[in-house]
Amino acid sequence: MNTKTLLFVLLLSFASFATISQSATQSHAKIAIQQANELWQQSIAAGHAWNTIQPLVAQAKQALANKDFETAIALANEASAQSKQALIQAEFEKNNWINNLPK
Amino acid sequence: MTMRTRLSLIIIACLFACAGIVSATPEEDKKAFQKFYMQKFPGIALEDFANGVYSIDQDAREQWEAMNDFPPYEDDLEIGEELFNTPFSNGKNYASCFENGGINIRQNYPRFDTERNTVITLELAINECRTSNGEDPLPYKKGDLARISAYMASTSEGSLINIIIPNKGDGLTAYQAGKQYYYSKRGQLNFSCSNCHIQNVGRKARSETLSPSLGHPTHFPVYRMKWASLGTMHRRFDICNKQVGAQPLAAQSDAYKNLEYFLTYMSNGLPVNGPASRK
Amino acid sequence: MKVKAKFKNDITSVRVLAKHPMETGRRVNKETGEKIPAKYIQELTCEYDGKVVFVAQFGTSVSQNPYLAFAFEGGKKGESIQLRWNDNTGDIEKTDATIK
C-alpha cells in the first residue's frame, strides 16, 4: 500500500484505540460504582453502615457524571473498602459484643 | 482427681459461666448495670443519676443549676401543653388514646405491645394517636412532637421508671436486640455505646465529660443547648452514631426502639425528670 | 428579658435571661448560601435608683439567649431595677423587675 493509505490506516487505528481506552475507563468507573453500591447496601443490611460511605458513593457518581473517571474509580474503591471494613466489623461484633459488658 | 476429671470439671464450670453471661435475665443485667455505676461513683444516690453528667461533675452542675433559673425549655413546654390539650378535627384528643388520659404515664414507656409484637415508644404512640384520628403524623426527633412528649414527660415528674418485659411475645428478644446494639462497636471509629458510657464514663472526650448511661432515658425529651431546641432520644442516637462514624437510622426504626427499650429498662427505679436541659 | 432579683446582706443579686439570637454575621444560611446578617447585643445595663449599677459590653462572642448573673451593693426589697439592652441593629429592650 502507499504512504497515504498507510498514514490513514495508522491514524484510524490511533483514533479507535483512543476511543476504546476512554470507554474502558468509563465502564470501569460504572462497574466500580456498582460494586461500591452493592457492598454499601450489604453493610446497611448488616446494621453496621458507616456514615462516610454514602458521601463517597455520591461523590463517585458525581465524578462519573463529570467524566472524571479516575476520580470516580478512586472514590468508588474507597467506598468499597470501607464497606468491607464495616462488614468485617459486623461479623466480629456478632460474637464479641459480649466482651463489652460491665465487669 | 485425675487431670482428665479436673479438665472436664473446668470445662463444665466454664459452660455454666458462659451460659450465665448469655442468658442473664434483664433483671440481673439491670442489677449489674446499676451496681457498676454505684461502685464507680460512690456517694451518688441512685436517683441522682437522673441528672446525668451533672451528678458526677460538680463544676458543670453549678453552671447547669444557674442556667436552670430560667429553664430554656419553658416556652416549648407551654406549647406542648397547649398542643396536647387541643382536640383533633374529629373532636377527640390525645387523652383518649392513652391510659389515665395521658397524664403521669411517661415512666411506662417504651412498652412492648404483645399483640403487634413490637416496642411502642411514647413518640410512636403520640403519632399513632394522631393518624388513628385522621391527623397527619408529626415529624419525629424534634419540633411539635418533642414538645408534646415533653409535656407528657413533665406530668410524670418524680414517678419511677417502670419498664416491663412481658412473658408472652418477643419482648425479651427486642430487649436482647437493644442490649446487643448497645454493646456492639460500630462506625468508622469502632466505638460501642458502652466504650464511652461505661468503660470511659467520667473521662473526657475532647472537652466534654462522658456521662453514665444510667439515668440517660429519664430526662428526655432533652433541651440541648447545642440544638437550642428540644430533641427526642432518637435524635440523640443519631448524633451518637454520627460521632462514631456510623450511619444514623430513621426515627422509630426497630434498632432504635429496641435500644430505647433496653436503655430505659436499665434505668428502672430512677425518677422521671424530663424535659431537662443539657449541653 | 426574664429577671430575678434578690436582696440579702446589703447585696442585691440579679439573674437575667435575655432573649436574643446573637448572630455573629459569619454564619451561612445553608439553603441560600448567604451570610446571616449580624445581630447581637452591644450593651446591657442595669439601673437602680436612677444610677447605673451594672454595665456589660457584649459582642459576637456571646452566644444565643445570654444568661447573666451579677450583684451590686445596696438595693431594697420592693424597689425596682431597670434593665436595658441595645443591639447593633438599633433594637432596644427594657424590662423592670422588683427586688425580692
Mind checking the [atom1]-[atom2] spacing from [X] to [Y]? Nearest 0.5 Å is all I need.
X        : Y        : atom1 : atom2 : answer
A:Ile88  : B:Asn190 : CD1   : CG    : 11.0 Å
B:Lys185 : A:Gln89  : NZ    : CD    : 9.0 Å
A:Lys94  : B:Gln180 : NZ    : CD    : 9.0 Å

Tell me whether B:Gln247 contacts the main-chain N or O of A:Ala49 through its side chain, where contact means a donor paired with an acceptor under 3.5 Å. no
Under 4.5 Å from any heavy atom of chain A, what part of [X] do you find: side chain, backbone, both or neither?
X        : answer
B:Ser184 : both
B:Ala255 : neither
B:Gln39  : neither

Could you check whether any side-chain heavy atom of B:Tyr183 comes within less than 4.5 Å of a side-chain heavy atom of A:Pro102, counting everything from C-beta outward? yes
Side-chain contact, heavy-atom cut-off 4.5 Å: B:Gln199 with A:Asn100? yes
Check the surroundings of atom CG in B:Asn167: do more than 12 heavy atoms from other residues, nucleotides or ligands lie under 6.0 Å from it? no
Around atom CD of A:Gln41, are there more than 12 heavy atoms of other residues, nucleotides or ligands at under 6.0 Å? yes
Could you walk me through whether B:Gln188 and A:Asn51 pass side chain to side chain contact (heavy atoms under 4.5 Å, CB included), step by step? CA-CA 8 Å; B:Gln188 193 182 34; A:Asn51 71 341; 5.8 Å; no
Dump the intermediate steps for side chain to side chain contact (heavy atoms under 4.5 Å, CB included) on A:Trp97 and B:Lys179, then the final yes or no. CA-CA 9 Å; A:Trp97 65 271; B:Lys179 177 180 171 185; 4.0 Å; yes
